[in-house]
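Just so it is clear, the structure is predicted and the values come from calculations on it, not from any experiment. Residues: numbered from 1 along the sequence shown. We count ligands from 1, going down the list as the structure has it; atoms in each ligand are counted the same way.
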Amino acid sequence: MTALHLAGVSAGYGTSPVVRGVSTEVDSGGWFAIVGPNGAGKSTLLKTIAGLVPHEGEVNLDGAPAQSLSRKEKALLIGYAPQNPVLPDGLTVTDYVLLGRTPHLGFLARESGSDLSIVEETLARLDLGELAERKLRTLSGGEQQRAVLARVLAQQTSVLLLDEPTTGLDIGHAQALLERLDRLRREDGTTVVSTLHDLTFAAQYADELLLLDDGEVAASGKPSEVLTAQRLRDHYGADTEVLRTSEGHPVVAPVRTTP
Ligand SMILES: Nc1ncnc2c1ncn2[C@@H]1O[C@H](COP(=O)(O)OP(=O)(O)OP(=O)(O)O)[C@@H](O)[C@H]1O
């Protein structure tokens, strides 16, 4: 089943669109990574899917045009974690992650014991259990990033839109998070759409990559097809070698050009 369908999507902030003519499909339970150089329009495309930037063309979620869904319907379907979220710094980690349960509550209803256990379990999974009662503003950058992802995971949506989810995370926490997302899609059929600067991580976890450059699709397909040294030179201006792991996944290694 198709979780996300884009046809001829153009979007931006003013009169001239930042993203132009993007068409693609993402299967339910798939992992789709949007990659590309700084300013290519990756975050804009993700915000467009989340309904935060006006667009032309078709954005369909689970077969329904995104514009036809109410705010609540969208919040039950899509969890969106922005790249630089504004954090309400007076809140504790637990209270903040509980906000992810809001779409599941009835009008004026308070969170139930089951909402609290979902939050507790999510915090434990993201290695935040010991920080549960800490104020958000006292957390390190990587801990805050994990709290933002915990809020989105606690929302328990079928589609996750994650803007650079591994930014600020050390290699171990980044890997643990990506593994967690991978398990979610395998066990619950959650669809993951993420931007990722780390192309080696993108190649390990995503089954499809969309390479954006200057707002347009420069290439799309399996990571091993998209990630070539020539493309990385053409679109990032980077000198790289594309190596392979023992399992055959591409590893993008930057190569020093000066002697
Ligand atoms: N709110 C905004 N108003 C006006 N222009 C914006 C806004 N947000 C982004 N842009 C512009 O749109 C273009 C694409 O930005 P976007 O954040 O989508 O790129 P990106 O590929 O996610 O970049 P990065 O890798 O640096 O995070 C950039 O030129 C940026 O300056």
Find the distance between CG (Leu181) and OH (Tyr205) and round it off to the nearest 0.5 Å. 9.5 Å
Looking only at protein heavy atoms, what sits closest to atom 11 (C) of ligand 1 is Tyr13 CE1, 4.2 Å
Within the 4.0 Å heavy-atom shell around Thr44, which atoms of ligand 1 are there? 14 (C), 15 (O), 16 (P), 18 (O)
Kindly confirm or rule out an N or O of Val18 lying under 3.5 angstrom from an N or O of ligand 1. no
What protein heavy atom is closest to atom 17 (O) of ligand 1, reported as residue, atom name and distance in Å? Ser43 CB, 3.7 Å
Please verify whether a non-hydrogen atom of Gly39 lies at under 4.0 Å from ligand 1. yes
Spacing of CD belonging to Gln83 relative to OG1 belonging to Thr195, to within rounding of 0.5 Å: 6.0 Å
When distances are taken from atom 25 (O) of ligand 1, the protein heavy atom at minimum range is Lys42 NZ, 2.7 Å
Which of the numbered atoms in ligand 1 are under 4.0 angstrom from any heavy atom belonging to Gln83? 27 (O)
Hydrogens and angles aside, do His104 and Asp115 bring a side-chain donor and acceptor to less than 3.5 Å of each other? no
Among all protein heavy atoms in this structure, tell me which lies nearest to atom 19 (O) of ligand 1, with the distance rounded to 0.1 Å. Gly41 N, 3.3 Å
Do you know which of Asp163, Thr24, Ile34 makes side chain to side chain contact (heavy atoms under 4.5 Å, CB included) with Val193? Ile34
Tell me which part of His197 gets within contact of ligand 1: side chain, backbone, both or neither, using heavy atoms under 4.0 Å. side chain
Numbering as shown, the atoms of ligand 1 that approach Pro37 to under 4.0 Å (heavy-atom distance): 21 (O)
Counting from 1 in the order shown, the ligand 1 atoms closer than 4.0 Å to a non-hydrogen atom of Asn38 are 23 (O), 24 (P), 25 (O), 26 (O)
Give the intermediate values and the outcome of salt bridge (charged side-chain N to carboxylate O under 4.0 Å, His left out) for residues Arg185 and Asp207. CA-CA 12 Å; Arg185 73 192 189 105; Asp207 31 42; 3.1 Å; yes
Hydrogens and angles aside, do Thr191 and Trp31 bring a side-chain donor and acceptor to less than 3.5 Å of each other? no
Return yes when at least one protein heavy atom is under 4.0 Å from atom 2 (C) of ligand 1, and no when none is. yes
Pair Tyr80-Thr157, side-chain donor/acceptor within less than 3.5 Å: no
Leu123 side, atom CG; Arg151 side, atom CZ - distance, nearest 0.5 Å: 13.0 Å
Do Glu25 and His5 pair up side chain to side chain, a donor and an acceptor below 3.5 Å, judged on atom types alone? yes
Under-4.0 Å protein heavy-atom contact, atom 31 (O) of ligand 1: no
Distance-only N or O hit between ligand 1 and Ala40, under 3.5 Å: yes
